[in-house]
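As structure tokens, the structure follows; a few thoughts come after it.
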There are 2 protein chains.
Amino acid sequence: MAYANAFAALADPTRRMVFERLGKGPQAVGAIAETLPVSRPAVSQHLKVLKEAGLVSDRAEGTRRIYYIDPEGLGQMRAWLDRFWDTALAEFGAEVARDNLKRKDAK
Amino acid sequence: MAYANAFAALADPTRRMVFERLGKGPQAVGAIAETLPVSRPAVSQHLKVLKEAGLVSDRAEGTRRIYYIDPEGLGQMRAWLDRFWDTALAEFGAEVARDNLKRKDAK
DNA sequence: ACTTACGGTAAGTCATGGCTTACGCAAATG
DNA sequence: CATTTGCGTAAGCCATGACTTACCGTAAGT
């Protein structure tokens, strides 16, 4: 059920930007905020959501907090998506075949 | 940029239930609504969002519309997630190693 | 000890979006 | 054709959540 929070977390554009920023490497909160069009508290709130979703972790470094991507959340999302992948491909193929038949009949 | 709509689409619990329902096989709108705690129009609206996100497609069958999962949206999400997967694993390993060092020092 | 730097939290505002009921449209059925 | 069945859309209501400013705690520097 944890993937639920992950999807919700990555649904917001700004929060996705925060996450993508961490894809370039670990960053402090202020450093992230500087590159984004929102205030630092907003970034803090986004990081909190991402952390609760298992998408990021953090460590203290003096007075700063360094955030980095946690594979946990990513893995759960991938697992969930993969549950649909194979069957979706098969079903879609069947639908396309049905569609081709119809077009043929129309001729 | 299309994966953005996909994440937003799967962020809602009800909409995720609709999608998961389609994972069992193609279904008509009314059939989906019967199994869910929301009205049929609500399901219609969710399907519209899922369709715009490339997550489902539909065909007409008499007066019903049969919806089924479209691999397109799933594929884009998987591709996006995979962009972070490898680097996230590596970074996370480095963080764990750093943490172990700290614990050692503390002894 | 004082001050500065860095971040998390509280409170309040405003937009987004998910839900309902009511309505309209098209295809099958008699 | 009139009726029924199955969906999509419109309008309106209400909760959620993303953002801001203000404030507080903590760690380093002088």
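All heavy atoms count here, side chains included; hydrogens, waters and symmetry mates do not. Order of the sequence lines fixes the chain letters, A, B, ..., with proteins taken first and strands second; residue numbering starts at 1 for each chain.
The heavy-atom pair separating A:L10 from B:W80 by the smallest distance is CD1-CZ3, 3.8 Å. Here the closest non-hydrogen pair linking A:E91 and B:G25 is OE2-CA, 3.3 Å. Of all heavy-atom pairs spanning B:I32 and B:T35, the tightest one is O-OG1, 2.8 Å.
For the pair B:R83/A:E20, a side-chain contact is recorded, criterion being any heavy-atom separation below 4.5 Å from C-beta on. Side-chain contact between B:M77 and A:F7: present, with at least one pair of heavy atoms (C-beta onward) separated by less than 4.5 Å. Side chains of B:F92 and A:I69 form no contact here, defined as non-hydrogen atoms less than 4.5 Å apart. Side-chain atoms of B:V56 and B:L22, non-hydrogen and from C-beta on, do get closer than 4.5 Å to each other.
Straight-line distance from the CG atom of B:L47 to the P atom of D:dG8: 7 Å, rounded to whole Å. Protein atom CD of B:Q45 is 10 Å distant from nucleotide atom P of D:dA10, rounded to whole Å. In this structure, CG of B:D12 is placed 13 Å from P of D:dT16, rounded to the nearest angstrom. Spacing between atom CZ of B:R59 and atom P of C:dA27 amounts to 17 Å, rounded to whole angstrom units. Put simply, CE on A:M17 is 14 Å from C1' on D:dC19, counting in whole angstrom units. If you take NE2 of A:H46 and P of C:dG8, they are 13 Å apart, rounded to a whole angstrom. Following rounding to the nearest Å, A:E52 (CD) and D:dA18 (P) show an atom-to-atom distance of 12 Å.
Checking side-chain atoms of A:R15 against main-chain N and O of A:A9 turns up a donor-acceptor pair under 3.5 Å.
With sequence neighbours excluded, no residue forms a salt bridge (charged side-chain N to carboxylate O under 4.0 Å, His left out) with A:R16.
Helix-axis bend for the helix from C:dA1-D:dT30 to C:dG30-D:dC1: the local axis fitted to the five terminal pairs at one end deviates from that at the other end by 20°, rounded to 10°.
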Between the protein and nucleotides 1-7 of chain D, are there any N/O to N/O pairs under 3.5 Å, and if so, what are the atom names and distances?
residue : atom : partner : partner atom : Å
D:dG6   : O4'  : B:T63   : OG1          : 2.8
D:dC7   : OP1  : B:V29   : N            : 3.2
D:dC7   : OP2  : B:G30   : N            : 2.9

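When each of D:dA10, D:dT20, D:dA18 is scored by its nearest atom to the side-chain atoms of A:P41, the top-ranked nucleotide is D:dT20.
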